[in-house]
Structures are given as C-alpha cells and as structure tokens.
Amino acid sequence: ASLVYQLSSTLGAGFTPMIVTGLVLLGGGSLWIAGAVWAGVFLIAALAMRSIKEGKDADLGAEHM
C-alpha cells in the first residue's frame, strides 16, 4: 500500500506543474482555465464524497461477499 501511495503522489505531484503550465498557455497567460479545472476537480470530489455511504456501522461479515 505504501508503494502505491508513494508512486501515485510522485506522479501526481510531478505532472501537476506541467499540466498547469499547459492550461496557462492555453488561456493566453491567464489563470482562469487552470482555476476552472481545479474547481471542476473539487466539484467532482465533493459530489463523490456526498454520494458514498457512511460505513462505520456496516457489517463486514462473510455473508455479504
């Protein structure tokens, strides 16, 4: 699990500056496109968090597999 976590954070953090630079160039030097993309990512993450059920009281017994 740690290997996957470290690899994903390295790849995510490594490509983020290139992605934002591309979005800024696409916007002609303005940051509005980069801001809109980050707002969209936040909105998707917020909707995903709202759509999942709370699992603290879930029965993890074998009969549910």
Side-chain angles (χ1 to χ4, degrees):
S2 177
L3 178 64
V4 172
Y5 175 77
Q6 297 300 326
L7 185 60
S8 65
S9 66
T10 301
L11 289 175
F15 288 116
T16 301
M18 287 191 305
I19 293 168
V20 173
T21 301
L23 292 172
V24 170
L25 289 174
L26 185 66
S30 178
L31 296 175
W32 73 270
I33 293 178
V37 168
W38 289 121
V41 168
F42 174 77
L43 182 62
I44 290 169
L47 290 172
M49 290 295 294
R50 292 283 295 162
S51 67
I52 60 173
K53 292 182 184 179
E54 174 64 54
K56 68 178 182 176
D57 296 327
D59 182 20
L60 300 178
E63 65 270 2
H64 294 290
M65 291 185 173

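These figures come from a predicted structure and were not determined experimentally.
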Show the atom names and distances, to 0.1 Å, of all donor-acceptor pairs under 3.5 Å that link a side chain in residues 38-53 to residues at least two apart or in another chain.
| residue | atom | partner | partner atom | Å |
| --- | --- | --- | --- | --- |
| Ser51 | OG | Leu47 | O | 3.3 |
| Ser51 | OG | Ala48 | O | 3.0 |

Validation: residues 28-37 side-chain donor-acceptor distances under 3.5 Å, sequence neighbours left out:
| residue | atom | partner | partner atom | Å |
| --- | --- | --- | --- | --- |
| Ser30 | OG | Trp32 | N | 3.4 |

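Taking Gln6 as the reference, Ser2, Ser9 meet the side chain to side chain contact (heavy atoms under 4.5 Å, CB included) condition, with sequence neighbours excluded. For Leu11, the side chain to side chain contact (heavy atoms under 4.5 Å, CB included) partners are Leu7, Phe15, not counting sequence neighbours.
Val4 belongs to no multi-residue hydrophobic cluster, having no ILVMFWY side-chain contact under 4.5 Å with any other such residue.
For the side chain to side chain contact (heavy atoms under 4.5 Å, CB included) with Thr21, the qualifying choice from Leu25, Ile19, Leu23 is Leu25, the only one to do so.
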